[in-house]
Amino acid sequence: MAAAVAVLRAALRRGRPAAAVLLHHRPNPSVRSIPPPPLLGRALPPLPRLGFSAGFGYSTATEESVPSARPKGKAKARKNPMKQSRFDFTKVDAALLPTVILVGRPNVGKSALFNRFIRRREALVYNTPGDHVTRDIREGVAKLGDLRFRVLDSAGLETAATSGSILARTADMTGNVLARSQFAIFLIDVRDGLQPLDLEVGQWLRKHASGIHTLVAMNKSESLDEHGLLTAAAGEAHKLGFGDPVAISAETGLGMAELYEILRPLFEEYMFQLPNNDLNQDDPISEVETEAHEGDESKLPLQLAIVGRPNVGKSTLLNTLLQEQRVLVGPEAGLTRDSIRAQFQFDNRTVYLVDTAGWMERSGKEKGPASLSVVQSRKNLMRAHIVALVLDAEKIAKSKSSMNHPEVVIARQAIEEGRGLVVIVNKMDLLRGNQTLFNKVMDAVPSEIQTVIPQVTGIPVVFVSALEGRGRVAVMRQVIDTYEKWCLRLSTSRLNRWLRKVMSRHSWKDSATQPKVKYFTQVKARPPTFVAFMSGKTQLSDTDIRFLTKSLKEDFDIGGIPIRIVQRSVPRKASAKTNTRNTGPRIVRMKTDKRTTVSDPALS
């Protein structure tokens, strides 16, 4: 029995430490205690009644009678370190959300924090202390707990940049973006300590962003967290004059809960100051429009990627379409490194523009940000609906061919991936003085594109001058027209009526072996994909498919986009079984004395 008591007490000690303490408490010497009865000759004292708690440990009846501070059903609930906001930011239009800009000297982790906020790897991140990776303003919708806000990734600031240089132009662009920002996060590299350039950036912020609430964030703090050096670094960061800093790590996510606690009351105060009419959290009109557009795919937002070789005017074309200085432009080749995404409205249609870096031939020798830019440009080409290939009119006039090898690769890859293609010939203003060269370019480009990409006829070509702002409307109308063709859907009845007319006017080599199309239908759009159900084993040849593709483009006016035709055979098993049943003897009822009689159709 003594062994059994020891086992029970050990179990209580493992399952419920508080109960074990009660059982093995040390008696107070001032109080007279009754000695325990001997084990022999007397019965054991009654043990406490045992039960199971919610955590599958042992508990005594005394403990069960005492109400627990934590609810029984929430014994294993995970504690959320972030409090919930009083405002539902998920129902607010993105244009009304608070805007936060990330500023700081180069190579302090602004792009890494931007990727952390938007929860995607969109901004290029590369360790280049002597160079700038980010040169343009990148915008996205950030998610921090239940907070939603617009975040802007800016280029590294250097106040001592020469006037007219790339660094000076990026600083001017950051200053212009500050006008539409309400908050700023000033990042410093805590491992390097407070640098003189950090103090200069702080002075620049006080001069250009005096009305913006600025928060200092000590990035890359994961290495100092274990050594206890953050206190000294925080005292040094107070010299910037923007209040108490917060220690974070954009790479590991350290300090995001503390950053949430700081930003939450600021964002709530900003949102409560907005007029109630501007919030429109439950807008019935937008819901009706969304439901109406669900059936018509051509009314959905359009994804347009601007691609081409370096220094052909892609960024200038983007600024012209947006009618603002959104990205950095200049005579330097390879100026754009990040693929910049922008949104605007054209004819009540939402268009997402993506300006990619210059498309270069991959030689395997690219290093640093250049290699990352090439990979990112190819990814954006795959995500786009319509691809705008930009050519240089001046180079076309001086060379023998309109398209070089990289441009041919872009065009063919866009068609193979099923994307709509629009060719834009830029810098036509440079040929205005020479009418002969002007006409040469106008005639040579469409014919050469048809030669390079014979599988798609009627690829649209637009001649513009992005520097002068000419051709903006023509480009967008051609892009939307191509997008509507790309989203076209045709009914099966209409296609089969068309198929009977087309098959009758096609000249077949041998009518006996002519393939028989049972019916023709469209299975998907974006791009239009059709299925020809064939009766029998005879398939359509490549010549027949090209004939059907050409007839589709001519009769339904869907030229300039890739069209896919797939064949499927319909077996004749059903018809064979039916004929076999009819040829055999059949049982019929006759008015005779016998119940049934067997009649053979061959004898009748």
Side-chain angles (χ1 to χ4, degrees), residues 305-309 312 359 361 378 381-382 384-393 395-397 399-425 439-463 475 478-479 481-488 490 495 498-499 502-503 505-509 515 517 520 522 524-532 539-567:
I306 303 176
V307 298
R309 288 177 57 84
V312 295
W359 195 287
E361 298 184 38
R378 281 166 169 76
L381 178 64
M382 302 301 108
H385 299 155
I386 306 298
V387 177
L389 175 60
V390 183
L391 306 179
D392 190 343
K395 292 183 179 179
I396 294 174
S399 61
K400 297 181 180 179
S401 60
S402 301
M403 302 173 66
N404 297 326
H405 178 68
E407 296 162 342
V408 174
V409 170
I410 295 173
R412 288 179 177 175
Q413 188 170 356
I415 296 300
E416 290 174 0
E417 293 295 332
R419 305 295 183 254
L421 180 64
V422 176
V423 178
I424 301 174
V425 183
N439 296 332
K440 174 188 174 182
V441 173
M442 294 279 290
D443 298 335
V445 175
S447 60
E448 187 168 347
I449 289 175
Q450 190 59 51
T451 304
V452 172
I453 313 175
Q455 63 268 31
V456 178
T457 58
I459 296 177
V461 182
V462 186
F463 300 89
V475 168
Q478 194 62 64
V479 166
D481 182 64
T482 304
Y483 180 67
E484 290 178 350
K485 293 178 180 178
W486 192 64
C487 299
L488 180 67
L490 300 172
L495 285 172
W498 164 84
L499 181 66
V502 169
M503 298 295 282
R505 69 174 184 244
H506 183 51
S507 58
W508 304 97
K509 294 182 179 180
V517 184
F520 198 77
Q522 182 178 359
K524 68 180 289 291
R526 305 159 68 94
T529 304
F530 304 90
V531 176
Q539 298 290 318
L540 293 171
S541 63
D542 294 340
T543 304
D544 300 334
I545 292 178
R546 285 195 297 268
F547 169 73
L548 292 178
T549 303
K550 183 179 179 181
S551 301
L552 276 171
K553 293 181 178 181
E554 292 177 352
D555 296 342
F556 295 106
D557 191 21
I558 51 177
I561 60 172
I563 294 178
R564 297 171 178 174
I565 297 179
V566 185
Q567 302 183 64

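One is the number of the first residue; the rest follow in order along the sequence.
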Self-check item: Minimal non-hydrogen separation, Lys553 against Val456, with atom names
Solution: NZ-CA, 3.4 Å
Exercise. Report the distance from atom CD1 of Ile545 to atom CD1 of Ile565, rounding to the nearest 0.5 Å.
Key: 6.5 Å
Quiz item: Does the side chain of Ile410 come within less than 4.5 Å of Leu421's, by heavy atoms?
Solution: no
Exercise. Supply the atom-to-atom distance Leu540 CG to Phe547 CZ, rounded to the nearest 0.5 angstrom.
Key: 11.0 Å
Exercise. Could you tell me which non-hydrogen atom of Met503 sits nearest to which non-hydrogen atom of Pro515, and how far apart they are?
Key: CE-O, 4.1 Å
Exercise. For residues Ile558 and Lys485, report the shortest heavy-atom separation together with the two atoms involved.
Key: CA-CD, 3.9 Å
Practice problem: Please work out which of the three classes, parallel, tilted or perpendicular, describes the rings of Phe520 and Trp498, given edges at 30° and 60°. | Solution: tilted
Exercise. For the residue pair Ile396 and Lys440, establish whether any side-chain heavy-atom pair is separated by less than 4.5 Å.
Key: no
Practice problem: Report the distance from atom CG of Asp481 to atom CG of Asp557, rounding to the nearest 0.5 Å. | Solution: 7.5 Å
Quiz item: Is there a side-chain contact between Asp392 and Arg309 (heavy atoms, below 4.5 Å)?
Solution: no
Exercise. Check whether more than 12 heavy atoms from other residues, nucleotides or ligands sit under 6.0 Å from atom NZ of Lys524, and answer yes or no.
Key: yes
Quiz prompt | Working for side-chain contact (heavy atoms from CB on, under 4.5 Å), residues Leu548 and Phe530 | solution = CA-CA 11 Å; Leu548 292 178; Phe530 304 90; over 6 Å; no
Self-check item: Option among Ile459, Thr457, Val445 that satisfies the side-chain contact (heavy atoms from CB on, under 4.5 Å) test with Gln450
Solution: Thr457
Quiz item: Are the side chain of Gln522 and the backbone N or O of Leu488 linked by a donor-acceptor pair below 3.5 Å?
Solution: yes
Exercise. Indicate the atoms forming the closest heavy-atom contact of Ala393 with Val441, along with that distance.
Key: O-CG2, 4.1 Å
Self-check item: Check: Arg419 and Gln413 side chains under 4.5 Å, non-hydrogen atoms
Solution: no
Exercise. Could you check if a side-chain atom of Pro528 sits within less than 4.5 angstrom of a side-chain atom of Ile561, using non-hydrogen atoms only?
Key: yes
Quiz item: side-chain contact (heavy atoms from CB on, under 4.5 Å) with Ile306: which of Val312, Val390, Ile424?
Solution: Val390
Quiz item: Ignoring hydrogens and geometry, is there a side-chain-to-backbone donor-acceptor pair from Glu417 to Met382 under 3.5 Å?
Solution: no
Self-check item: Heavy-atom pair with the smallest gap, counting every atom of Leu391 and Met403
Solution: CD1-CG, 4.2 Å
Quiz prompt | Straight-line distance of Ile453 CD1 to Ile449 CD1, nearest 0.5 Å | solution = 7.0 Å
Quiz item: Between Pro562 and Pro527, which heavy-atom pair has the shortest distance, and what is it?
Solution: O-CB, 3.5 Å
Quiz item: Does any non-hydrogen side-chain atom of Gln567 lie less than 4.5 Å from one of Val517?
Solution: no
Quiz item: Would you say Asp555 and Val502 make side-chain contact, with heavy atoms under 4.5 Å?
Solution: yes
Practice problem: Can you label the angle between the Tyr483 ring and the His385 ring as parallel, tilted or perpendicular, going by 30° and 60°? | Solution: parallel
Quiz item: Can any side-chain N or O of Glu407 pair as donor or acceptor with the backbone N or O of Asn404 at less than 3.5 Å?
Solution: yes
